[in-house]
Amino acid sequence: MAMGSASTRRTRVTRNTGASGDRPSRPARGHAAEVFPSRYVHIGGEECPTTQWETSPAARRRAASLGFTDAAQLHGWFLGQMQDTLAEHGRRAICWDEAEQNGALPADMTLTAWRDPAHGMSSVSRGHQVIMAPYRSTYLDYAQSDRPDEPAGQPDVVTTLEDVYRFDPLAGDLPVADPLDGRRPGVLGTQAQLWTEFAPTPDHVRYLAFPRLCALAEAAWSEGPRDHGEFRDRLAAHLERLRVLGALASRGAAV
């Protein structure tokens, strides 16, 4: 399974998103396919309020012309239009799985399941290929300990090294997806997220990322039973390598 990481902030969609048509965005989507050489293009799709569409006569007319009963359904339709344009350029779209709550998404769109693992399982059952990234296991912006000297992190959740290590992207006997066959649902892999609202410096980012990213890498790439104690023993030597490479925060890491 592939394991990727992301350290950039998600781009929030404003409430002014134009739902009455998609023509202005088509050239932009084509340009995106030209700029980014990767096979997949993540189009976001979450945090998109639909209140303004529901009170907009133009948006309501557009929804009615498409046979929708609710203007909020334009959200899923618009993401599907983006997927179609990227497909014309030989690419595949990825979006956050919560976008599916405002209308069905094309089955050939890959979803990133960031909420509970059950949401990822549900997406697979609907025919999607999924990147499993539940926030309690893969969001590295959360504090990694509850020690008094722990640097500030995203509040309310502590995600320890062991929490990350215990994560199983295929829990519940989920099938492994074939990236060469987008019609076969399953799990493509997992990824880490590290949003930086509470990480103002590179040193803070390094502190949040390591060694938890090591634990996620092992969870992504290994098969069969895994032993956390044995992992920690091996991690001691690996941390020394990371220090030499300058990947660790200057104050050390909470292990």
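Keep in mind that the numbers below use all heavy atoms, side chains included, and drop hydrogens, waters and symmetry copies.
- Every side-chain contact (heavy atoms from CB on, under 4.5 Å) that R136 has, sequence neighbours left out, goes to V157.
- One finds the CG atom of L248 at 9.0 Å from the CD atom of E240 (value rounded to the nearest 0.5 Å).
- Side chain of R39 to main chain of R92: no donor-acceptor pair is present (N/O by atom type, distance under 3.5 Å, no hydrogens or angles).
- When all heavy atoms of C95 and I43 are compared, the pair lying nearest together is CB-CG1, 3.9 Å.
- For the atom pair CD (Q154) and OH (Y142), the distance works out to 5.5 Å, reported to the nearest 0.5 Å.
- Residues passing the side-chain hydrogen bond (donor to acceptor under 3.5 Å, both in side chains) test with E100, sequence neighbours excluded: R126, H128.
- Atom CG of L208 and atom OG1 of T196 lie 10.0 Å apart (nearest 0.5 Å).
- Checking E150 against Y207 by side-chain atom types alone, a donor-acceptor pair falls below 3.5 Å.
- For the side-chain contact (heavy atoms from CB on, under 4.5 Å) test, residues two or more places apart in sequence or in another chain that qualify with T112 are H42, I94, W96, I131, A133, Q191.
- Minimum interatomic distance between V164 and S137 (heavy atoms only, all atoms of both residues): CG2-O, 3.3 Å.
- Distance OG1/T138 to CG/D163: 11.5 Å, rounded to 0.5 Å.
- For the side-chain contact (heavy atoms from CB on, under 4.5 Å) test, residues two or more places apart in sequence or in another chain that qualify with R166 are E162, H228.
- Put simply, F198 and L213 are part of two different groups of oily side chains (I, L, V, M, F, W, Y) that touch within less than 4.5 Å, one to the next.
- Between H75 and W53, the ring planes are perpendicular. Angles over 60° get that label, and only those under 30° would be called parallel.
- When the salt bridge (Lys or Arg N to Asp or Glu O under 4.0 Å) test is applied to D141, no partner is found at least two apart in sequence or on another chain.
- Scanning both residues, L242 and C214, for their nearest heavy atoms gives CD1-SG, 3.8 Å.
- Residue L105 is grouped with residue L66 when hydrophobic side chains (ILVMFWY) are merged at heavy-atom distances under 4.5 angstrom, including chains of intermediate members.
- Every salt bridge (Lys or Arg N to Asp or Glu O under 4.0 Å) that E230 has, sequence neighbours left out, goes to R234.
- Closest approach of Q83 to P106, counting heavy atoms only: CG-CG, 4.4 Å.
- With sequence neighbours left out, the side-chain hydrogen bond (donor to acceptor under 3.5 Å, both in side chains) criterion links T159 to no other residue.
- Remark: R60 pairs with no residue by the salt bridge (Lys or Arg N to Asp or Glu O under 4.0 Å) rule, at least two apart or across chains.
- Relative ring orientation between W195 and Y139 is described as perpendicular, the plane-to-plane angle rising above 60° on a 0-90° scale split at 30° and 60°.
- Applying the side-chain hydrogen bond (donor to acceptor under 3.5 Å, both in side chains) test to S56 and every residue at least two apart in sequence or in another chain returns nothing.
- No more than 12 heavy atoms of other residues, nucleotides or ligands shown are found within 6.0 angstrom of CZ on R183.
- Of the possible donor and acceptor atoms, one in the side chain of D70 sits under 3.5 Å from a partner among the backbone N and O of A72.
- The heavy-atom pair separating R62 from S65 by the smallest distance is O-OG, 2.7 Å.
- Side-chain N or O atoms of T190 include one that pairs as donor or acceptor with a backbone N or O of M132 at under 3.5 Å.
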Name each donor-acceptor pair under 3.5 Å that joins a side chain in residues 172-179 to protein atoms two or more places apart or in another chain, with its distance.
| from | atom 1 | to | atom 2 | distance (Å) |
| --- | --- | --- | --- | --- |
| D178 | OD1 | L180 | N | 2.9 |

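- Residues forming a salt bridge (Lys or Arg N to Asp or Glu O under 4.0 Å) with E54 (at least two apart in sequence, or on another chain): none.
- When every heavy atom of V130 is checked against every heavy atom of G120, the shortest pair comes out as CG2-O, 3.9 Å.
- With rounding to the nearest 0.5 Å, the separation of CG in L216 from CZ in R212 is 10.5 Å.
- Side-chain atoms of Q129 never come within 3.5 Å of backbone atoms of L188 as a donor-acceptor pair (strictly under, hydrogens ignored).
- Rounding to the nearest 0.5 Å gives a distance of 8.0 Å between CE of M109 and CG of D84.
- Considering only heavy atoms from C-beta on, R232 stays 4.5 Å or farther from Y165 through its side chain.
- Residues passing the side-chain hydrogen bond (donor to acceptor under 3.5 Å, both in side chains) test with S222, sequence neighbours excluded: R226.
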